[in-house]
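Both ligands and their constituent atoms are indexed starting at 1 by order of listing.
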Amino acid sequence: MLSAAVLSSCGIQQKTEQTPAPPKQERVTVGFSQIGSESDWRMASTASIQQAFADSPYTLLFNDGQQKQENQIKAIREFIDQDVDYIILDPCIETGWDSALMEAKEAGIPVIVIDRAVEVSDESLYAAWIGSDFYLEGQRAMKWLEAYLKKEGYEEPVNLVGIQGTIGATAQIGRSRALEEAANAHEDWTLLEEQPGDYTEAKGKEVMEEYLRKYQDKIQVVYCENDNEAYGAIDAIQESGRKVGMDVKNGDILVLSFDATHDGLRMALEKKIAVNTECSPLYGKRLVKMIDEMEQGELPEHTTYIEEGQFSTYSGIRAVWVVDNSYLVTKLTNEILEEREY
Ligand code: GZL
């Protein structure tokens, strides 16, 4: 057996003890605190993110907060304990996140907020926010209603009811504000009542049943802050013997909705929803790209609004104006529905 001296003199390093294997390149791990599974939109949001990360070099840890902030805060702390590289948060409501986000910041873990926003004392508590302009969504819906009533020559008083999203969610705050402002701006419009429907079909139906009991045939417009609430409201209206549709002059109740999910657009194609204002849930690829960039040391844009559309079968309105900007209203067709991604 050649001596160690001979071996080493010819440059062959003889392993005198087990040298540890080099650490395997650890995969970047991302913790995602999702709000829940309350709506078709939410399920599409989850699917988009899970699929994009499955196709990426990153490991996604997923937590369903079941629409409770305390569950989401618990998830954030668990992600910190697991020493993830990034946290993605879709916050159920805007307030109450400072301490959890401070803990992530102190752990050196960047937080990317998506969809709904957080209201915090220091905006550096999160690295970036990508989401929708929910107030603009509501303004577009109200401008469409104003144009529709004018085009139809409807000059009677207009009574509206609102079925809100989860109180305190950015989407609810923005969409409700637009409804309230529009009702105040029109002398002959009366907002009879608003109640939370929590973005669910069951609650949407329950609230609409109460409205029908209270206001009977006084209601002309139902403003649903998402598609699942609209499905519930439409069921309640039809079960009461009234009709949803586009002919307000002959007693149809106009249902306005948000999200423009596949079934929401199908209901619009059937004229059960008069106009559906889109809110895109497709964050997955954007988030993977953002993490790619952050892995390269690039700072992401701190605030990014996503582009969204509006759909109706009513061909008399091809665009609406909000302040100085015009926004396209897409005439809804079967082809658009068939191509719908979510
Ligand atoms: C809005 C999103 C809302 C959707 C609902 O971006 O947060 O939550 O409008 C979902 O369908 O439940």
Side-chain angles (χ1 to χ4, degrees), residues 32-49 64-69 71-72 88-95 97 112-119 128-141 162-179 194-205 207 222-234 255-268 273 275-284 286-287 303-311 340-342:
F32 173 30
S33 170
Q34 175 61 292
I35 290 176
S37 51
E38 73 282 357
S39 64
D40 296 2
W41 188 100
R42 184 65 50 203
M43 304 306 279
S45 159
T46 295
S48 164
I49 291 170
D64 176 339
Q66 294 167 349
Q67 283 190 286
K68 288 184 172 49
Q69 182 175 38
N71 292 344
Q72 291 197 273
I88 297 169
L89 169 66
D90 191 337
C92 55
I93 56 172
E94 290 198 336
T95 53
W97 301 98
I112 302 167
V113 180
I114 62 168
D115 175 29
R116 304 180 192 175
V118 292
E119 189 188 304
W129 173 81
I130 319 173
S132 301
D133 185 339
F134 303 107
Y135 176 44
L136 175 61
E137 289 175 359
Q139 289 176 299
R140 290 170 71 176
I163 304 180
Q164 298 171 296
T166 303
I167 299 299
T170 316
Q172 177 273 314
I173 294 166
R175 292 170 187 166
S176 296
R177 177 185 165 200
L179 171 65
E194 289 176 287
Q195 280 190 37
D198 259 353
Y199 296 121
T200 67
E201 184 170 344
K203 196 82 170 82
K205 182 171 184 180
V207 170
V222 183
Y223 182 91
C224 300
E225 292 189 2
N226 87 322
D227 282 334
N228 295 79
E229 292 176 348
Y231 309 154
I234 289 164
V255 175
L256 279 59
S257 186
F258 294 88
D259 285 354
T261 57
H262 181 275
D263 284 354
L265 289 186
R266 180 173 53 74
M267 300 282 245
I273 290 175
V275 62
N276 205 324
T277 305
E278 184 181 39
C279 175
S280 175
L282 304 180
Y283 288 95
R286 290 169 186 271
L287 287 166
T303 301
T304 306
Y305 286 99
I306 53 182
E307 296 291 313
E308 297 171 325
Q310 193 172 37
F311 301 87
R340 201 66 179 156
E341 262 190 86
Y342 62 91

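Here the heavy atom of the protein found nearest to atom 6 (O) of ligand 1 is D115 OD1, 2.2 Å. With hydrogens left out, the protein atom closest to atom 12 (O) of ligand 1 is E38 OE2, 2.5 Å, a heavy atom.
Of the N or O atoms in S39, one or more lie within a sub-3.5 Å distance of an N or O in ligand 1. Close N/O approach between N226 and ligand 1 is found [any backbone or side-chain N/O within under 3.5 Å]. Residue R116 places at least one N or O, backbone or side chain, under 3.5 Å from an N or O of ligand 1. Looking at ligand 1, you won't find any N or O of Y199 less than 3.5 Å from one of its N or O atoms.
Judged by the 6.0 Å and 45° rule, R177 forms a cation-pi pair with Y135.
Which parts of ligand 1 touch D259 is read off a 4.0 Å heavy-atom cut-off, strictly below it: atoms 4 (C), 5 (C), 9 (O), 11 (O). Distances below 4.0 Å separate heavy atoms of R175 from the following atoms of ligand 1: 1 (C), 9 (O). Under a 4.0 Å criterion applied to the non-hydrogen atoms of A171, ligand 1 contributes the atoms 1 (C).
With sequence neighbours excluded, the residues forming a ring-ring contact (aromatic ring centres under 6.0 Å, His included) with W129 are Y305, listed by chain and number. Residues meeting the side-chain hydrogen bond (donor to acceptor under 3.5 Å, both in side chains) test with N71, sequence neighbours left out: none.
Ligand 1 lies less than 4.0 angstrom from a heavy atom belonging to C279. Put simply, no part of E137 is less than 4.0 Å from ligand 1, judged by heavy atoms.
Between L256 and V222 there is no side-chain heavy-atom pair separated by less than 4.5 Å.
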